[in-house]
Amino acid sequence: MKKIAFFFSVLLFMGTLAVNAQTRVITGTVTSAEDDAPIPGVSIVVSGTTLGTVTDINGSYSVQVP
């Protein structure tokens, strides 16, 4: 019985590692090509998903992607 409980606890632990390892945080700054100034209020969308964000006053953004 102890072996079965240990086996299932190992499977549960491995499952939580797999779930946590599937997301990444992408950060960056949107700037103008003309004068390299930051652009606030730009929409950033992950292609093929509904995930997205908007740049802040400094043109910076951060989005968590699968």
Name the atoms and distances for all side-chain donor-acceptor pairs under 3.5 Å in residues 36-48, with sequence neighbours left out.
unit_1 : atom_1 : unit_2 : atom_2 : d
Asp36  : OD1    : Thr31  : OG1    : 3.4

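Heavy atoms only, all atoms of each residue included: Gln64 and Leu51 are closest at O-CD1, 3.7 Å.
Ser32 meets the side chain to side chain donor-acceptor pair (under 3.5 Å) test with Asp35; sequence neighbours excluded.
In this structure, Asn58 contributes its side chain and Ser60 its backbone to no donor-acceptor pair below 3.5 Å.
Contact of the Val30 side chain with the Tyr61 side chain is registered, since non-hydrogen atoms from C-beta on lie closer than 4.5 Å.
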Let me see the working for Ile26 and Ser62 under side chain to side chain contact (heavy atoms under 4.5 Å, CB included), right down to the final yes or no. CA-CA 6 Å; Ile26 307 296; Ser62 176; over 6 Å; no
